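These notes are about the structure you will find just below.
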Amino acid sequence: MVILTDYNHSVFPIIGVSMVIIAIIALVAHFVSKKIKFEVDLGDLWWQIKWDDLVFPERQLGKRSTLSLGISEASFRKSAASVASPISMASTTGTLKNISGVLVAMHKGVRVAVKVVPVKKFSINRALLMELKQMRETLHENLSRFVGLCTEEPNRAIITELCLRGSLRDLLENEAIQLDWVFKYAMITDIAEGMGYLHSSPIQFHGNLNSSNCIINERFTVKITDYGIREFRKQIDRMEDFNPRKFFWKAPEHLRERDPFNTGSQKGDVYSYAIILQEIITRSGPFESMERLGRKRAHMEPDEILDRIRMGMVPPFRPEVSADEAPRELIRLMHAAWHENPDSRPDFATIKPILKRITKGTSSRNLFDNLLSRMEQYTNNLERMVEEKTESLMEEKKKTEELLYQLLPQFVAEELKKGSQVYPEAFDAVTIFFSDIVGFTNISAESTPLQVVDLLNYLYTTFDNVIEKYDCYKVETIGDAYMVASGLPIRNGNDHVREICRMALELRNSMRNAKVPHDPEKTLMVRIGIHSGPCAAGVVGLKMPKYCLFGDTVNTASRMESHGEPLKIHISKATRDIIEQFFRSFIIVPRGEIEIKVSAIQISENFNHNSRLITFSHINTL
Ligand SMILES: *[C@@H]1O[C@H](CO)[C@@H](O)[C@H](O)[C@H]1NC(C)=O
Ligand SMILES: *[C@@H]1O[C@H](CO)[C@@H](O)[C@H](O)[C@H]1NC(C)=O
Ligand SMILES: *[C@@H]1O[C@H](CO)[C@@H](O)[C@H](O)[C@H]1NC(C)=O
Ligand SMILES: *[C@@H]1O[C@H](CO)[C@@H](O)[C@H](O)[C@H]1NC(C)=O
């Protein structure tokens, strides 16, 4: 018993002590292993991206940036198409610029945004490693995902998630996009969500929140970018693209600091948020609102504006938004958020319920569907616009071509369009047709000029409709004279005679009962002459190119017409010979011998003014 008691007395303290020791050792081991894990995590170079791993599409080199992720100055002047069409956004990107270019690249099969930053001397310290670890842990739908850093000389870049629709700034400036309150609320809420999360994360604050740092993805969710890794951002050389406008989003208390670029606070972010609210409400840049409202106020330079903010005037100098531009509560929220005293500004935890109250009625599900359908509609609109433009362009092109084909034979026009020269050509056998109106001089003397135009218009329309059906080419019209040729510029054997004769018959028949439109008492009578023979043709003139025929055949054909009789078709012996040889379906009636007067210009050795002339006045029987 005694021994046992003794034993107990001596053993229990030993067990107690050793248990305490074991517990301490376990605790230490736990912390050490946690610490080791932390250090290993810290040492993990997951964020390091090799420049060579980034695949840049060939075509983006040399093109101007249409993507903006908060840094590009060019983002201030954005074309409508760049934000509007996802295709153009995806395919065009910036030049490889060190200062302010954002490039699109493929990294491990994922498209990323590469923002090249001017960092002279890059150094890694423990603080930066801690920040990088934070970045990895900061994931939110309304924050753009951080992919990594490229730290190789000379290409130092921040690589982030790609958002195809550019920045909020671009969207607001793009007048082609209609923004209603549902859409505006959605953007305002997105930013508040993202900022709220950022403020509750170890990153704590943004510091450089502005409307070009709010980027928009293909589903029109706003994401905040350019946050965190402040140790890295400190190393960026800011002087290279210094612009006072960049400070418009900085809260007054930070503007008064020595290095406003690298300062920030949660309340400072709230101030920046208020400036963004102003941009969304008014769709104008910060502090542009005074001009927009037409206030008589001297134009102020950005530096002057910043001075006034820094001074902390009473009342504080802020952008102007008139009361009717937004719901009262939203304006009140904006005023509270840019309060001169940081402590009076609400934080995002307070802002979110206020927003919920303001946007009450548009449930978020509703809102998103609404948004999506609107955007689809918008995209469709755009597509239709492009289609219409293309269509009207094609139409214009067709019209121009048609006009060209009327001025020139199609074959010649096409040659000219291809840029090849059209040389004058001699044709062995063509048939030429002339027609005019009997007594046209008297008719036109009795009519007003407009009536004459009407008459000719009626006549030519009828003729044009007929000749379209035949292999022939309308050479020209002079007054009431109408000249058509067949067998050129594309030769057609002997068919030219048949084509012209058939056409002449149809024309004559179509004019059989024609009346003068403004004087139905009078009949319109055509006179037609046809001749076949050799001829030269070519394009004359550069400004108004014209396909002209030369040679006696033309003159003789013209004579045939002027010596013809009303409503009859007068053909020459040469034409008749071909008809008799090849096309027996026509009925020809001899007319007898007629003396054809030939004026001095028309004389030539080939011209046989004693040729026997025939008229045929009957319909052919085929
Ligand atoms: C960045 O600038 C350095 C010189 O300052 C130059 O050698 C390098 O090619 C530039 N990088 C890019 C991507 O333009
Ligand atoms: C991002 O913002 C939208 C709109 O405010 C919200 O519906 C969504 O829940 C937010 N994302 C997260 C993860 O909270
Ligand atoms: C917004 O802030 C970024 C820094 O995060 C800056 O590079 C950019 O120029 C700013 N945008 C405007 C429009 O000032
Ligand atoms: C034209 O009118 C004049 C006088 O009015 C007349 O002598 C002449 O015969 C007319 N010509 C024709 C072709 O009708």
Side-chain angles (χ1 to χ4, degrees), residues 407-409 412 423-441 459-460 463 467 470 472-492 494-501 503-504 507-508 525-541 545-566 568-579 588 590-616:
L407 287 176
L408 298 169
V412 175
Y423 293 100
E425 226 179 321
F427 297 87
D428 288 340
V430 301
T431 297
I432 294 168
F433 160 106
F434 271 95
S435 76
D436 78 345
I437 305 291
V438 181
F440 182 74
T441 328
L459 202 69
Y460 292 160
F463 279 23
I467 72 160
Y470 299 93
C472 52
Y473 167 65
K474 177 170 117 183
V475 183
E476 61 184 336
T477 53
I478 302 163
D480 60 329
Y482 198 88
M483 177 183 179
V484 181
S486 181
L488 87 188
I490 300 172
R491 294 174 177 79
N492 57 5
N494 286 311
D495 285 353
H496 50 90
V497 175
R498 187 190 57 202
E499 292 297 314
I500 290 283
C501 286
M503 182 203 75
L507 264 187
R508 202 263 322 264
M525 286 189 294
V526 282
R527 198 163 51 190
I528 294 171
I530 296 174
H531 177 57
S532 303
C535 147
V539 176
V540 178
K546 202 168 161 206
Y547 191 68
C548 290
L549 311 189
F550 306 93
D552 296 315
T553 308
V554 181
N555 301 332
T556 313
S558 169
R559 294 278 130 192
M560 287 294 118
E561 175 258 308
S562 55
H563 288 79
E565 283 174 19
K568 295 207 169 141
I569 298 163
H570 193 195
I571 67 175
S572 69
K573 183 171 176 297
T575 307
R576 188 207 60 174
D577 288 347
I578 303 174
I579 289 177
I588 299 169
R591 183 187 186 189
E593 215 152 300
I594 283 182
E595 178 122 11
I596 301 272
K597 280 203 202 93
V598 179
S599 67
I601 338 157
Q602 285 167 330
I603 290 175
S604 86
E605 22 187 340
N606 286 346
F607 188 70
N608 176 4
H609 52 99
N610 283 325
S611 51
R612 278 170 57 80
L613 304 166
I614 326 138
T615 333
F616 64 94

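Since we're looking at a predicted model, the values are computed, not measured.
Inspection of the T431 and H496 side chains reveals an N or O donor paired with an N or O acceptor under 3.5 Å.
For the pair F550 and C535, the minimum side-chain heavy-atom distance is 4.5 Å or more. Between N492 and S486 the shortest side-chain heavy-atom distance falls below 4.5 Å. Here the side chains of M525 and E565 are not in contact, with every heavy-atom distance at 4.5 Å or above. At a threshold of 4.5 Å between non-hydrogen side-chain atoms, the residues I528 and E561 do not count as touching. Taking 4.5 Å as the limit, every side-chain heavy atom of V484 sits out of range of all side-chain heavy atoms of Y473. Within the 4.5 Å cutoff, the side chain of L507 has no heavy atoms near those of the V526 side chain. At a threshold of 4.5 Å between non-hydrogen side-chain atoms, the residues V554 and M483 count as touching. Residues I432 and V430 are in side-chain contact: their nearest non-hydrogen atoms beyond the backbone lie under 4.5 Å apart.
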Could you go through M560 and F434, starting from their C-alpha distance and side-chain angles, then the distance that decides it, and tell me whether this counts as side-chain contact (heavy atoms from CB on, under 4.5 Å)?
CA-CA 8 Å; M560 287 294 118; F434 271 95; over 6 Å; no
In sequence, state the C-alpha distance, the side-chain angles, and the governing distance for H531 and S572, and then conclude on side-chain hydrogen bond (donor to acceptor under 3.5 Å, both in side chains).
CA-CA 5 Å; H531 177 57; S572 69; 2.6 Å; yes
How far apart are the C-alpha atoms of I569 and F433, what are their side-chain angles, what is the distance that settles it, and do they pass the side-chain contact (heavy atoms from CB on, under 4.5 Å) test?
CA-CA 10 Å; I569 298 163; F433 160 106; over 6 Å; no
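Between P489 and F427, the closest heavy-atom pair is O-CE2, 3.5 Å. The minimum heavy-atom distance between R508 and K568, with the atom names listed, is NH1-CA, 4.2 Å. Scanning all heavy atoms of the two residues, the minimum distance from C472 to M503 falls at SG-SD, 3.7 Å.
Residue I579 forms a side chain to side chain contact (heavy atoms under 4.5 Å, CB included) with just one option from I588, N494, I530, and that option is I588. With S532 as the partner, the side chain to side chain contact (heavy atoms under 4.5 Å, CB included) test is satisfied by one option alone out of I500, D577, V497: V497.
T575 places no side-chain N or O within donor-acceptor distance of the main-chain N or O of I571, the cut-off being under 3.5 Å. Judged by distance alone, the side chain of D480 and the main-chain N or O of F440 form no donor-acceptor pair under 3.5 Å.
Summarising the geometry, atom CG belonging to L488 is positioned 4.0 Å from atom OH belonging to Y547; distances are rounded to the nearest 0.5 Å.
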